[in-house]
Number of protein chains: 2
Amino acid sequence: MIESTLVSVDVIALRFDPDARTVLVGVAPRAQAPFAGELALPGVLLGRGERLRDATTRAVTGKLGLAGESVTATGQLATFDEPSRDPRGPTLSIALWATVTGPSGDVAVWHRLDDVPALAFDHDRIVADCRPLLADKLWRDVAFTAGLLGREFTTAQALDVTESLTGDRPYPANLGRTMDRVPGLERTTEHASALPKGGRPPLVWKWSSEAVRA
Amino acid sequence: MIESTLVSVDVIALRFDPDARTVLVGVAPRAQAPFAGELALPGVLLGRGERLRDATTRAVTGKLGLAGESVTATGQLATFDEPSRDPRGPTLSIALWATVTGPSGDVAVWHRLDDVPALAFDHDRIVADCRPLLADKLWRDVAFTAGLLGREFTTAQALDVTESLTGDRPYPANLGRTMDRVPGLERTTEHASALPKGGRPPLVWKWSSEAVRA
DNA sequence: GCAATAGTGTCTGTTAGACAGTATTCC
DNA sequence: GGAATACTGTCTAACAGACACTATTGC
């Protein structure tokens, strides 16, 4: 009988901050050794029979201090199998993404995707390797996109999120055409409320009800 | 302490058969319960500290009866976490791909990708879910493509492989342009040897030496 | 009106898809 | 020459990228 492997679940928790106009990743200082006090992605050991989705929520609530309801969507990214990645012994790490909303949590520290500080374990590598995967999901994976932007959002916010994930701000006209092709996403004629500094109010986009049965 | 999860590695082993002009998946009857005698993807339990690549090779050699050298490339697909997928208890399955060449092996049974028989466990689902992922790797993932087609190949074989994976036979001119854009792939002026039934000999394509440092 | 923000029309170059026509081989 | 196979040139539609111009708001 082969001795079984430990499996941990490490989560890239993303939150869109409309005020900062950017997407943020949640990290937290580790409570225990190894790497006690150092920042790390929220991660937990996968329980026997536990679903990945449940472990993801457990990591986000337990390690970042968020409410379970604030997790709007989750999904897989990749698996990291470097045996020496955890000093306690060989541990498989399944990297997942989660989109969250609402209050920022008790212990979470939020950083821009292109400005994540040095993290414990191989978490720097996980973030670096998974960033292109995340950028690829925007406007392609409806659950991811809707989870990040919420039930309805403005063109300006869509531009901000795209810039945060891809590193490149698209032209509004081009992004509009991209969004027109996203299934379940509808351009409304409503305008958002006036801006603090003036300027034309942006258009509102909404997910059709079937598309977001989260 | 949380009781740890069992992790199995299930492999979609692909082989291009130039005579049958199609890509084949390797499956084998299970030697032990559960599902003894039924066909299944080659799979093994992941050992403690074992790399996924090594477990993939172990599955292909042990369960399909192929030589270790016949595995030309491997990579990740997705993770399946349905707790009831294995009657022995909750088991995580990491699905991986492997490309193989050479003799077809002692126990392996080979089927066309669009004609895989009913399989044990949730392996039907794994094949169905992963097929689009595999089609997406062709001409994009150089290791995958080179592993499947080998060091050099003809335009006709490229057409056959593309048709097997995507279900659609492209026009030669269009595939040629796609291949012109694949980094490390070079169109030669050589022609393959004559065909059994006559006809113009196809052009040969080669990977540049840096591209295939497998 | 001016600054600030947002949306629209249109042009360009690239790519995917399609197909007729041509080339090379065996018999 | 005819059947079988393979390659080439070119046309069309879709798409990404770019940008000038117009529209709406607060001051």
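Chain identifiers are assigned alphabetically (A, B, ...) following the order of the sequence lines, protein sequences preceding nucleic acid strands; residue numbering begins at 1 within each chain.
- Taking atom CZ on Arg181(A) and atom P on dA13(D), their separation rounds to 17 Å, with Å as the unit.
- A close approach under 4.0 Å does occur between a side-chain nitrogen or oxygen of Tyr171(B) and OP1 or OP2 of dC19(C).
- In this structure, the CE atom of Met179(B) is 13 Å from the P atom of dA16(C), given to the nearest Å.
- A cation-pi arrangement is absent between Arg151(B) and Trp207(B) under the rule of less than 6.0 angstrom and at most 45 degrees off the ring axis.
- Heavy-atom contacts from other residues, nucleotides or ligands closer than 6.0 Å to CZ of Arg112(B) number 12 or fewer.
- Using a 4.0 Å heavy-atom cutoff across all strands shown, Thr155(B) reaches sugar-phosphate atoms only and no base atom.
- For dT8(D), neither phosphate oxygen OP1 nor OP2 lies less than 4.0 angstrom from any side-chain nitrogen or oxygen of Arg200(B).
- Rounding to whole angstrom units, CG of residue Leu175(A) and P of dT5(C) are separated by 18 Å.
- Ring-plane geometry between Trp139(A) and Phe153(A) is classed as tilted, the angle between the planes lying from 30 to 60 degrees on a 0 to 90 degree scale.
- Residue Leu159(B) is the one, among Leu159(B) and Arg177(B), whose nearest nucleotide of DNA chain D lies closer to the 5' end (criterion: closest heavy atom).
- Atom pair Gln157(A):CD and dG7(C):C1' shows a separation of 16 Å (rounding to whole Å applied).
- The distance from atom CG of Asp180(A) to atom C1' of dC15(D) is 13 Å, rounded to the nearest whole Å.
- For the pair Ala156(B) and Asn174(B), nearest-nucleotide mapping onto DNA chain D gives the more 5' position to Ala156(B).
- The residues Lys206(B) and Glu190(B) are annotated as salt-bridged, a charged nitrogen and a carboxylate oxygen being separated by less than 4.0 angstrom.
- To the nearest angstrom, P of dA18(C) lies 14 Å from CZ of Arg169(B).
- Spacing between atom CD of Glu190(A) and atom P of dG7(C) amounts to 13 Å, rounded to whole angstrom units.
- One atom, NE2 of His191(B), and another, P of dT25(C), lie 7 Å apart when rounded to the nearest Å.
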